[in-house]
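The next block holds one structure in the form of structure tokens; read it before the comments.
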Amino acid sequence: MKQLITDLLNQAIDSLKSSEMIPADTTVRFNVDHTKDKAHGDFASNVAMTLAKPAKSNPRAVAQMIIDHLPESTSVDKVEIAGPGFLNFFLSADSAQSIIKEVLSAGDCFGLNNDANGEKVQVEFVSANPTGPLHVGHGRGAAIGDCLCRLLKASGHEVTAEFYYNDAGQQITNLALSVQARAKGLGPEDDSWPADGYQGQYIIDVAEAYLNGEAVDAADKHVTGAKDPDNLDAIQEFAVAYLRREQDHDLKAFGVNFDNYYLESSLYETGKVEETVETLINSGYTYEDGGALWLRTTDFGDDKDRVMRKKEGGYTYFVPDVAYHLDKWQRGFKRVVNEQGADHHSTITRVRAGLQALDKGIPKGWPEYVLHQMVTVMRGGEEVKLSKRAGSYVTVSDLVEEVGRDATRYFLAARSATSQLTFDIDLAKAQSNDNPVYYIQYAHARCCAVFRKAQEQGYEWNQDAALSKLDPLTEVAENELMKRLSQYPEVVRNAAKRLEPHMIANYLRELAAEYHTYYNAHKTLVEDADVRNARLALSSAVRQVVKNGLDLLGVSAPEQM
RNA sequence: GCGCCCGUAGCUCAGCUGGAUAGAGCAGUGGCCUUCUAAGCCAUUGGUCGCAGGUUCGAAUCCUGCCGGGCGCGCCA
């Protein structure tokens, strides 16, 4: 519909150009937007204002010229000039009602588009170290990342969801040492407790499981606790498997699935790290200083050069990172989105610089990043501190257990990623009208309830028949709902384009609110069969769109509450 | 000190990348259940969009400078 109006306006402009009322070489940029106020019709455009200058006239006069040259359309009832020179388009009832047909015939596919035309995209998210349970920050990443996957699929991408496991490096050694210390009965208060050791309760759990010889299945690995507190290698293998199993379990309970797990250790095993280092050396962007090997990342906008190989000989973390991203590129992902916490912000410039230095023709802005800001958890009006090292923090599984999967996902995805998030456990837990997730789900359940009731009362309803007679839908609230429904595909498109899943949550809230208002103002199951059937069609369409939207958020759409 | 993010109602946040009188939920106040689920609805209170300049027909939105908060600034990951 928006496109139709844009087309009509372009035709009008073309004829203004050919009649030389505006210069033929004028480049015209204008918007066609949904109106906020129904007094302004259904769509509004600012063309006249942007054309006022080239036309050497005032906006309202230009607006009139455009109206005079606007082709007739059965979809548009009238066009008005308003305010400083807006053109307000009022749609005909028939074209407004046609959205219900669109929704019901497309069903679960309503709102999907093929803008990306099957383009491959990889979304990397969570990527937590296997050194402890997932905390709320990971949860936010999981909720946002998973929604991004769903949104990108909805706009025609072929999506691969990937989890990068940092199962190499210092923090893993540290994990093993911590478990070992616990296995030997030591605690943080002891002198021989490892520096920077992990202090959480879960370390004790891992140590006990190891000493008890428990068996752990994680991914493709089967590990049995060797019971020997002196065997550090065995401890490390066991601890990583144990914690990975726990993370997998938490993610599964959270409804988040990955297509691929990529192990940092594999980059060393396959020689990709070495290969990357050689390529960087050969491309001439490296130098040695103080016994270390440096990459001149300042050539690519970094504020200082970065060490690649430490004096002691090991690589810094960013080398495997570059190797990993080169591998992504070589796997054919022209588009990669990395979702991560803003505390890792500094890696962006570094990784991109490393990729540029490879001289492999990788575009400058590749990969894309979605960063989420920190999460503060509130419980009983007090902040719960998140600190893996301090050992006391709220985990994803705590939340899922306490407030439920749907509410947790909704709360973590419903806010713009760029804003810090306050997760109020008490609010998310509330099974009341305080809680927006229930509000939206309730709208869905209500639509379903109306249909259940209709059946109970013996009313027959046939979709095709109802769709051929939608003209009884003339109430203001009905028009508002139909207008809202027609916005859904655009909301999906925008959310995907901008990589902002929270737009879906906002939309659903508005749609739900309008349905609840409508439900309270107008009875659906009335005597008049034509009115009743048309209203049922509207409810069915609302139900469908709420369900489709909740699907994008990974939140369930219950038929009964 | 430098970089990134944020600052909008008492609280939590939207604001579709420059549009019309700045919105929603919660909290507050006052109403609505013999009628399809009251997990709902209606009405009402509440604003110097952090501050100051600039850009233009028009700024919460863009540019600059301050102020305040968060996160980074390792031969840690």
Side-chain angles (χ1 to χ4, degrees), chain A residues 31 33-37 39-40 44 46 49-50 52-53 58-59 82-86 88 129 131 166 168-172 174 196 264 289-294 303-304 306-318 320-321 341-349 371-374 376 378 414-422 424 427 430-439 441-443 445-446 448-454 456-457 487 490-491 494-495 498 500 502-503 505-507 509-510 512-513 515-526 532 535-536 539 560-561:
Chain A
N31 299 328
D33 296 311
H34 292 278
T35 54
K36 280 183 230 163
D37 187 340
H40 298 147
N46 62 347
M49 276 116 90
T50 62
K53 201 170 256 182
N58 71 71
F86 286 103
N88 291 338
N129 295 339
T131 54
N166 284 285
Q170 185 57 43
Q171 82 278 4
I172 296 298
N174 201 8
D196 303 321
E264 182 186 5
D289 185 45
L293 180 68
W294 295 72
D303 47 0
K304 52 183 105 161
R306 305 291 168 178
V307 170
M308 291 171 60
R309 190 171 51 224
K310 297 178 256 185
K311 204 161 44 184
E312 297 80 31
Y315 293 115
T316 57
Y317 74 93
F318 109 93
D321 244 19
D343 53 338
H344 287 76
H345 174 256
S346 56
T347 61
I348 298 178
T349 328
L371 300 179
H372 64 260
Q373 298 290 323
M374 303 293 97
T376 308
M378 301 293 284
R415 302 259 121 101
S416 150
T418 54
S419 291
Q420 282 162 238
L421 172 68
T422 304
D424 185 340
L427 175 64
Q431 303 235 341
S432 71
N433 51 358
D434 298 1
N435 195 334
V437 69
Y438 291 102
Y439 185 83
Q441 289 178 319
Y442 186 43
R446 264 191 161 165
C448 295
V450 170
F451 273 88
R452 277 195 302 272
K453 197 74 183 182
E456 270 173 45
Q457 295 184 359
Q487 291 170 7
E490 256 174 84
V491 171
N494 276 331
R498 295 166 47 157
E500 293 183 3
H502 75 279
M503 295 177 73
N506 289 336
Y507 171 84
R509 202 175 209 306
E510 284 158 3
Y515 186 72
H516 288 312
T517 297
Y518 174 59
Y519 180 93
N520 277 277
H522 304 286
K523 191 168 168 161
T524 302
L525 302 177
V526 291
R532 184 177 67 235
R535 287 182 175 174
L536 280 168
S539 275
Q560 215 165 338
M561 290 173 78

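Just so it is clear: chains get the letters A, B, ... in the order the sequence lines come, proteins before strands, and each one is counted from 1.
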Could I get a table of every N or O pair under 3.5 Å where one atom is in the protein and the other is in nucleotides 30-35 of chain B?
unit_1	atom_1	unit_2	atom_2	d
B/U35	O2'	A/K523	NZ	2.7

| query | Is a donor-acceptor pair below 3.5 Å formed from side chain A/Y438 to base B/A39, judging by atom type as modelled? | reply |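 No.
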
Using a cut-off of 4.0 Å on non-hydrogen atoms, how would the nucleic acid contact of [X] be classed: base, sugar-phosphate, or nothing?
X	result
A/Q487	nothing
A/T517	sugar-phosphate
A/S416	sugar-phosphate
A/G291	nothing
A/A342	sugar-phosphate
A/L421	sugar-phosphate

Is the phosphate of [N] approached by [X] (side-chain N or O, under 4.0 Å from OP1 or OP2)?
X	N	answer
A/R446	B/A38	yes
A/S346	B/G3	no
A/T418	B/C6	yes
A/T349	B/C4	no

| Gap between atoms CG and P, on A/N506 and B/G23 respectively (whole Å) |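 So the CG-P distance, A/N506 to B/G23, works out to 16 Å.
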
| Given atom OH of A/Y519 and atom C1' of B/A38, what is their separation to the nearest angstrom? |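 Those two atoms, OH and C1', are 10 Å apart.
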
Ignoring the backbone of [X], work out which of [options] is nearest its side chain.
X	options	answer
A/T316	B/A24, B/A77, B/A14	B/A77
A/T422	B/A14, B/U12, B/G3	B/U12
A/Y317	B/A77, B/G74, B/G69	B/A77
A/N494	B/A39, B/G74, B/C16	B/C16
A/R509	B/C13, B/C36, B/A24	B/A24
A/R498	B/G70, B/U12, B/C16	B/C16
A/K311	B/C5, B/C75, B/C71	B/C75
A/H502	B/G3, B/C75, B/A14	B/A14

| Chi class for B/U12: syn within 90° of 0, otherwise anti |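 Anti.
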
| request: State the syn/anti category of B/C33 according to its glycosidic angle, syn meaning within 90° of 0. | output: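 This nucleotide is in syn.
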
| Stem ranges for RNA chain B, with three or more consecutive Watson-Crick or G-U pairs under 3.5 Å? |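 Looking at RNA chain B, the stems formed by three or more consecutive pairs are B:1-7 with B:67-73, B:10-13 with B:23-26, B:28-32 with B:40-44, B:50-54 with B:62-66.
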
Any side-chain heavy atom of [X] within less than 4.5 Å of one from [Y]?
X	Y	result
A/T418	A/L371	no
A/Y519	A/S539	no
A/Y439	A/H516	yes

[M] and [N], which share atom name [atom1], separated by this distance in whole Å:
N	M	atom1	result
B/U45	B/G58	C1'	31 Å
B/C13	B/U8	C1'	9 Å
B/C5	B/U29	P	41 Å
B/G7	B/G50	P	7 Å
B/A27	B/U44	C1'	14 Å

| Considering residues at least two apart in sequence or located in another chain, which fulfil the salt bridge (Lys or Arg N to Asp or Glu O under 4.0 Å) criterion with A/K453? |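 Checked A/K453 against salt bridge (Lys or Arg N to Asp or Glu O under 4.0 Å); matches are A/E456.
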
Between the protein and nucleotides 19-21 of chain B, list every N/O to N/O distance that falls short of 3.5 Å.
unit_1	atom_1	unit_2	atom_2	d
B/G19	N7	A/N46	ND2	3.3
B/A20	OP2	A/K36	NZ	3.0
B/A20	N6	A/N88	OD1	2.8
B/A20	N1	A/N88	OD1	3.2
B/A20	N1	A/N88	ND2	3.2

| request: Under the ring-ring contact (aromatic ring centres under 6.0 Å, His included) rule, collect the residues that match up with A/F451, sequence neighbours excluded. | output: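 Once residues adjacent in sequence are excluded, the partners of A/F451 under the ring-ring contact (aromatic ring centres under 6.0 Å, His included) criterion are A/W461.
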
| said: Just to verify, what does A/H34 make a ring-ring contact (aromatic ring centres under 6.0 Å, His included) with, not counting sequence neighbours? | reply: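 Listed in chain order: A/F43.
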
